[in-house]
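Below, read A as the first sequence line, B as the second, and so on, with proteins coming before strands; counting in each chain starts at 1. This structure is a prediction, so every number in the text was calculated from the model and none was measured. Only this structure's heavy atoms are used, side chains among them; waters, hydrogens and symmetry mates stay out.
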Number of protein chains: 2
Amino acid sequence: MNIKEAGQRAGLPAKTIRYYEEVGLIRPLRDSNGYRAFRESDVHKLGFLGRARALGFTIEDCRVLLSLYEDQSRASADVKEVAQKHLAQISDKIAALQTMQDTLSHLVACCHGDDRPDCPILADLAPPNPPPPKLRKP
Amino acid sequence: MNIKEAGQRAGLPAKTIRYYEEVGLIRPLRDSNGYRAFRESDVHKLGFLGRARALGFTIEDCRVLLSLYEDQSRASADVKEVAQKHLAQISDKIAALQTMQDTLSHLVACCHGDDRPDCPILADLAPPNPPPPKLRKP
DNA sequence: CCTTGACCTTCCAGTGACTAGAACCCCTAT
DNA sequence: ATAGGGGTTCTAGTCACTGGAAGGTCAAGG
């Protein structure tokens, strides 16, 4: 099976698959013409990677998860640990984004959004010390 | 004022300030020795940028916001529009992360996390078609 | 005067996970 | 023979920095 079909079956673009090979996540065979030759097991791995990436695992996480997946004597605790660490990072990101969201939505709600220059959004972004006066004093 | 002091006052590392100059967000003067010479107005802009970046605005957003900030004849609607678009992106990111979080926390809760290989996390990552049998059939 | 150390400068490379594009090869069908 | 739709490699770009190397500048101390 060539790269395009493998990609369609796994739901990944060909470019991504080449990248996954480059970083050593998969090792498809090669035909005599140099084309990558994907086995069912390769497509299966690609599907695994696609799902892991969709859950936000990094490539390095994927590498670990894939090796655990293929290790029949794995301990589920090892898998769980990877997942828990990732969950913690997701929580951190969500918290950071929600802080931004809270601040920003408040500011947006306060902004008239008309043709006048008064704007609480800019006022909040501006540091507390006054902007440099570009006015001449009479 | 040299770059380090400007950075301390604005709460930004010197490297970041050099980068901001490189992309044209600020244009500090230069001393005769080639050192950047920061005015109060530069430090003020840097503070603005730091806050905008902390709210997750991209550099390009910052460029727009800064020009609006300095334009006394701006319309607050223009500021609001930038902020609202950004808010929408934040919401999208949060939603995507929460989907991951929901899926993953469920899986983690289901995983025994012991020394046995059974693992619902890996089971969920694996595509539905069965893994390649590496067993010899008798 | 010389050195030390803390600054400053520029330039280059790397981050993560792709993605776009160029230049070229291969295979099948008309 | 050629047109098209595959495939291949390689380079460079994304985003917003960050680290490091190589070297210039300055004030203080010996």
Taken in chain and number order and not counting sequence neighbours, the residues that satisfy salt bridge (Lys or Arg N to Asp or Glu O under 4.0 Å) with Asp71(B) are none

Name the residue closer to the 5' end of DNA chain D, choosing between Asn33(B) and Phe38(A) according to the nucleotide with the nearest heavy atom.
-> Phe38(A)

Considering residues at least two apart in sequence or located in another chain, which fulfil the ring-ring contact (aromatic ring centres under 6.0 Å, His included) criterion with Phe38(A)?
-> none

Sequence neighbours left out, cut at 3.5 Å: what donor-acceptor pairs do the side chains of residues 26-33 of chain B make with other protein atoms?
unit_1	atom_1	unit_2	atom_2	d
Arg30(B)	NH1	Gly34(B)	O	3.0
Arg30(B)	NH2	Glu21(B)	OE1	3.3
Arg30(B)	NH2	Glu21(B)	OE2	3.3
Asn33(B)	OD1	Tyr35(B)	N	2.9

What's the spacing between Arg74(B) CZ and Tyr69(B) OH if we round to 0.5 Å?
-> 8.0 Å

Can you list every ring-ring contact (aromatic ring centres under 6.0 Å, His included) pair that touches residues 71-129 of chain B, not counting sequence neighbours?
-> Phe57(B)-His86(B)

Keeping the roles fixed (side chain from Asp124(B), backbone from Ile121(B)), state whether a donor-acceptor pair exists under 3.5 Å.
-> no

Residues in salt bridge (Lys or Arg N to Asp or Glu O under 4.0 Å) with Lys15(A), at least two apart?
-> none

Under a 4.0 Å heavy-atom cut-off, which of residues 9-31 of chain B touch DNA chain C?
-> Arg18(B), Arg30(B)

Under 3.5 Å, side chain of Asn2(A) to main-chain N/O of Lys4(A), donor-acceptor pair present?
-> no

With axes from five pairs an end, tell me the bend angle of the helix from dC1(C)-dG30(D) to dT30(C)-dA1(D), nearest 10°.
-> 40°

Indicate every side-chain donor-acceptor pair of residues 92-101 of chain A with a distance under 3.5 Å to a residue at least two apart or in another chain.
unit_1	atom_1	unit_2	atom_2	d
Thr99(A)	OG1	Ala95(A)	O	3.0
Gln101(A)	NE2	Ser91(B)	OG	3.2

Side chains of Met1(A) and Arg39(A): does their closest heavy-atom pair fall under 4.5 Å?
-> no

In residues 57-66 of chain A, what residues come within less than 4.0 Å of DNA chain C, judged by heavy atoms?
-> Thr58(A), Ile59(A)

Within the pair Arg36(B) and dT9(C), is there a side-chain N or O less than 4.0 Å away from OP1 or OP2?
-> yes

Residue mapping more 5' on DNA chain D - nearest nucleotide basis, Ser32(B) or Arg53(B) | Arg53(B)

Please identify each residue that fulfils side chain to side chain contact (heavy atoms under 4.5 Å, CB included) with Ala14(B), with sequence neighbours left out.
-> Ile3(B), Arg18(B)

Main-chain N/O of Cys111(B) paired to Ser76(A) side chain as donor or acceptor, under 3.5 Å | no

Does Val23(B) offer a backbone N or O that forms a donor-acceptor pair with the side chain of Arg63(B) under 3.5 Å?
-> yes

Contact span of DNA chain D against chain A, any nucleotide atom under 4.0 Å from a heavy atom, 5' to 3', runs dG6(D) to dT9(D)

Table of protein N/O atoms under 3.5 Å from nucleotides 4-7 of chain C N/O atoms:
unit_1	atom_1	unit_2	atom_2	d
dC7(C)	OP2	Lys4(B)	NZ	3.1

